[in-house]
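Following: one structure in structure tokens, then a few remarks.
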Amino acid sequence: MKNFTSVHDISNPEILVQEALELKKNLYGFSDLGKNKTLGLVFLNPSLRTRMSSQKAGMNLGMQVQVINAGQDAWNWEFAENAVMNGTTVEHIKDAAKVLSEYCDVIGLRCFPGLKDRDEDYNEFVLNSFIKYATVPVISLESATRHPLQSFADLITIRENWNKPQKPNVVLSWAPHIKALPQAVGNSFAEWMNAADVDFCIANPEGYDLSKEFTGAAKVYHNQEEALQNADFVYFKNWSSFENYGALPEVKGDWLLGEDFLKTNPETKFMHCLPVRRNLEMSDAVLDSSNSLIYQQANNRTLSAQLIIKKILENSL
Amino acid sequence: MKNFTSVHDISNPEILVQEALELKKNLYGFSDLGKNKTLGLVFLNPSLRTRMSSQKAGMNLGMQVQVINAGQDAWNWEFAENAVMNGTTVEHIKDAAKVLSEYCDVIGLRCFPGLKDRDEDYNEFVLNSFIKYATVPVISLESATRHPLQSFADLITIRENWNKPQKPNVVLSWAPHIKALPQAVGNSFAEWMNAADVDFCIANPEGYDLSKEFTGAAKVYHNQEEALQNADFVYFKNWSSFENYGALPEVKGDWLLGEDFLKTNPETKFMHCLPVRRNLEMSDAVLDSSNSLIYQQANNRTLSAQLIIKKILENSL
Amino acid sequence: MKNFTSVHDISNPEILVQEALELKKNLYGFSDLGKNKTLGLVFLNPSLRTRMSSQKAGMNLGMQVQVINAGQDAWNWEFAENAVMNGTTVEHIKDAAKVLSEYCDVIGLRCFPGLKDRDEDYNEFVLNSFIKYATVPVISLESATRHPLQSFADLITIRENWNKPQKPNVVLSWAPHIKALPQAVGNSFAEWMNAADVDFCIANPEGYDLSKEFTGAAKVYHNQEEALQNADFVYFKNWSSFENYGALPEVKGDWLLGEDFLKTNPETKFMHCLPVRRNLEMSDAVLDSSNSLIYQQANNRTLSAQLIIKKILENSL
């Protein structure tokens, strides 16, 4: 049994992309593989793209798909070992994970971070507790620190838009927002780019450096203009501070690219995982330009999920 | 690509009814048509009948069906062009429509009117904004001013209950309620009846005249008894004022038919789109009489949805 | 047409278990039986296990499955005959049941008791009102006084874990809780055990005796230790008072079994319908022992639902 929660669960992201592009030519050719198998999608947090694309991926493979929206459809979990459950929790994660495993052949789990206790979030307390007790493969549908199906879809999209012999220059750029958001998409994208065959760097304001655990050797610029100078792909995403965990330190300068950048960089492609707050994170000019890849990324979410589930069903992950 | 949002999207309602009655003989004969196609049903407002019948229609055609309950499962849309999204909206309708189009081959959308701004409602602001950006066919599951799948099911039901050579006499009668309801069902029924091969008139209290855009040449009576004199079919439905938009002007007289009417009009059939508030909109006597067609109408919702989706998949709408 | 709401709807529970064990060898062998049939699952109350297992059961039989979460997806029912519906109820149960019957071939309904009016609950007011008007078979997914699919899964589990010639000694033991819970699981288990080929008794504190209608001739102990002396299977479940309806009379003594019991009763098997509050209803030691059957019970929920639906589709119930 094999779980999929990060780039570390696969051997080579570039080979995985090639497998995905092969699958794309024959999306409905494996509908016997999932026959009489159940995919359970458990959402502890809201979801649109991930829910739709994962559901579609499972159905394309012939699986029965069941969606469980916790909170609304279900329940409040206890995580503490030996807890005397005489309070507000109604089911221990041990029992939830084991019971879901009785009904499902593969389980997808979405569990956002609380953004309050960094150790708890970065130890992936919820995801790892669930995996500890589940008896079937578990796929992360975005956890406290990573969003691997998104990052995989992003890498597929980059490969579909790059046919030059040299490595593409990929930049992850922090983008403005009004709320404190997790670092998961940024962390995960960094991790995948570091493992992929690309030149990768990051641009973010001071105080917003991501954890070295994810950014590794990637150069971090605190000046967007400098970082984007030779960018073939710019991936925009907001995140709150890792260092001063969950905080929103004051940001100097303007981090919103407009039409000027388009004129001086006519070849640069633009990415975002969506939903995007227009004219706050990215301008209309950039989002609606012909170099925007956002809808192609969304489309590739089905493909990335479908390949991972396919490989789990084939025991080839 | 063709959308279905009103009777104007089809050439002849009576021919469509004949096609529906043909399909009814072989409901499960087209399950290959929707194979590997996804039907997305997006509900910005609650639904029971429409959700169940549309889901069933899609499944009967072999489609994968995904239901999205916005608000609960999803999100708060921005509609303004060029908006700086630093407030409560989390996704622009442009992106929502385009992303949903990446996952779905056909999208059904339910969007009720706000009943506050008549121009906005009667311009079908939400539905048309969605259609503007969607890249796949869109079906109205009831919009601000129309409920076309309901009206089509209603016409099918009328045809199934009429075998005389002359045209049936069909009356749309306003019915009492305690809330301010949209005009959508009334508008839409009027529009379909005007396009169908029936004699059609309307009965409603003064102050409750529907928009001429929908009622056209149909005679409007302010006296229920007079309008119902020769009725073969009476369709009951409440709506709030169009003129004094969304208001509930005082109503004179009794608009609730009882057992007396049944005795003097033993052939008249009774219709309602449901849900119905018993003994407020329609009496138990009328609803439970053998001339009540309400459950047959509900049943035909599957058929009307299935034919429209079938024609969209066949590119024959 | 046949409904399934209690053990009284089947002729012999032990034969039904044998049929279920046969079906278990060939779970996916009847996927043509439900082809083009719709299973509607209506939840007036939350559900996880029942929803997942019933949905899976229907899909295993090739059915289209539609889940309706009332309240959230739907509506507030009127139950009174002749009611003038000018208040908060929006649809009469008569119309809800009849309309759902237009879309579904089999309907599962979950409706918990209010725990306030014992007569209303024990007359199964909601379930019976629904059945009165439904025109297709209705399956209880737990009603005010019974949970028959659970009890059937429990009996299957007992049979799978018993291969001695003599009857097993089965004890239903009340367990502590912090809330006032229905008697449904206890009632239903008692009813099934009384009809099965087992020796059966009950242990509960004074003031917590279940209704004689369900416990019948089973001996009721007010001392847990005494009741459990020769237990082969102990089924734990909390319930509130039947006599002083819905109350929580003070309980004397300790009703939580620990490690000591395991040592002195190494052969006894332990059961619970889940979710379980650990170390309140049952200790970790008991729940996690190799004699705990809780996950097997959960797994058998699919089987019990699938056999009942299969028999309804075959008209063999």
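So you know, we letter chains A, B, ... as the sequences are listed, proteins then strands, and number each from 1.
- A donor-acceptor contact shorter than 3.5 Å links the side chain of B:Y103 to the backbone of A:A298.
- Interface residue B:K94: backbone and side-chain heavy atoms are both found under 4.5 Å from chain A.
- We find the CD-CD distance between A:Q55 and B:Q64 to be 8.5 Å, quoted to the nearest 0.5 Å.
- By the 4.5 Å heavy-atom criterion applied to side chains, A:R51 and B:I68 are counted as neighbours.
- To the nearest 0.5 Å, atoms NZ (B:K98) and CG (A:L287) are separated by 11.5 Å.
- Annotation: side chain of A:K56 is in contact with side chain of B:Q66 (closest heavy-atom distance under 4.5 Å).
- Looking at A:R278, its side chain never comes within 3.5 Å of a backbone N or O of B:E81 through a donor-acceptor pair.
- Using a distance-only test at 3.5 Å, with no hydrogens or angles considered, a donor-acceptor pair links the side chain of A:N279 to the main chain of B:A83.
- More than 12 heavy atoms of other residues, nucleotides or ligands sit less than 6.0 Å from atom NZ of A:K310.
- Annotation: side chain of B:L100 is in contact with side chain of A:M52 (closest heavy-atom distance under 4.5 Å).
- Using a 4.5 Å cut-off between heavy atoms, B:S101 makes no contact with chain A at all.
- For A:E259, the CD atom is loosely surrounded, since the number of other residues' heavy atoms within 6.0 Å does not exceed 12.
- A 4.5 Å side-chain heavy-atom check between A:Y28 and B:K35 finds every atom pair outside the cut-off.
- Heavy-atom minimum distance, B:V90 versus A:P275: O-CB, 3.6 Å.
- The choice from B:V84, B:D95, B:V99 that makes the most heavy-atom pairs within less than 4.5 Å of chain A is B:D95.
- Residue A:I294 touches chain B through its side chain alone, counting heavy-atom pairs closer than 4.5 Å.
- Annotation: A:E250, atom CD; neighbour count of heavy atoms from other residues, nucleotides and ligands within 6.0 Å does not exceed 12.
- Between chain A and the residues B:T38, B:N82, B:T89, the most heavy-atom pairs under 4.5 angstrom are made by B:N82.
- For chain B, the nearby parts of A:N299 are the backbone and the side chain; heavy atoms of each come within less than 4.5 Å.
- Note that CD of B:E102 is 9.0 Å distant from OH of A:Y295, once rounded to the nearest 0.5 Å.
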